[in-house]
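Okay, so here's the structure we're looking at.
Computed from a predicted model, the values in this text were never measured in an experiment.
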Amino acid sequence: MNNKVGERIRYHRLQCGMSQETLALTAGINTAFLGHLERGLKSPTITTLDKIVEALGLSYSEFFDDRINTADTESRKFYTDMIFNCIKRLPDEKLKAVAEIIMKITDITE
């Protein structure tokens, strides 16, 4: 199944720093259903897509912008942006703990 819409949903959700649960709750849809949409196992109705696009704070032209390369999700930038979006809201003590964990992981893998 072609998953262009699902890839765009995942891309924009991660760019907004949202979890699947947060987006699903904001859009008023089931979290498992959102996961199925992102993986291309289901296709959204136009009503569901309206809810998702609105919950992401986007227009349809932004959502379907051809300049976005959703297939480039394997790039380093994608993952560093995703990590940044996850940690930017952490309080200082948790941020320090995450930094220490990352340093230990990178020591192990080098």
TODO: Drop me the distance from I9's CD1 to Q20's CD, to the nearest 0.5 angstrom.
DONE: 10.0 Å
Task: I46-L58 co-clustered via ILVMFWY side chain contacts under 4.5 Å - done: yes
TODO: Please round to the nearest 0.5 Å and tell me the distance separating atom CG of L34 and atom CZ of R39.
DONE: 9.0 Å
Task: From L37 atom CG to R10 atom CZ, the distance as rounded to the nearest 0.5 Å - done: 10.5 Å
Task: Interatomic spacing from CG in L49 to CD in E54 - rounded to 0.5 Å - done: 11.5 Å
Task: Min side-chain heavy-atom separation M18-H12 under 4.5 Å - done: no
- [ ] Would you list the pairs meeting salt bridge (Lys or Arg N to Asp or Glu O under 4.0 Å) in which at least one residue belongs to residues 13-34, sequence neighbours left out?
- [x] R13-E38
Please list every donor-acceptor pair under 3.5 Å in which a side-chain atom of residues 23-31 meets a protein atom from a residue at least two apart or in another chain.
residue : atom : partner : partner atom : Å
T26     : OG1  : T22     : O            : 2.7
N30     : OD1  : A32     : N            : 2.7
N30     : OD1  : F33     : N            : 3.1

Task: Distance in Å, L56 CG paired with Y11 OH, rounded so as to fall on 0.5 Å steps - done: 12.0 Å
Open item on the list: Taking CD in E62 as the centre, count heavy atoms belonging to other residues, nucleotides or ligands within less than 6.0 Å. Is the count above 12?
Closed with: yes
Task: Hphob cluster co-occupancy, V5 + Y60, side-chain heavy atoms under 4.5 angstrom - done: yes
Task: Partner set under salt bridge (Lys or Arg N to Asp or Glu O under 4.0 Å) for D50, not counting sequence neighbours - done: none
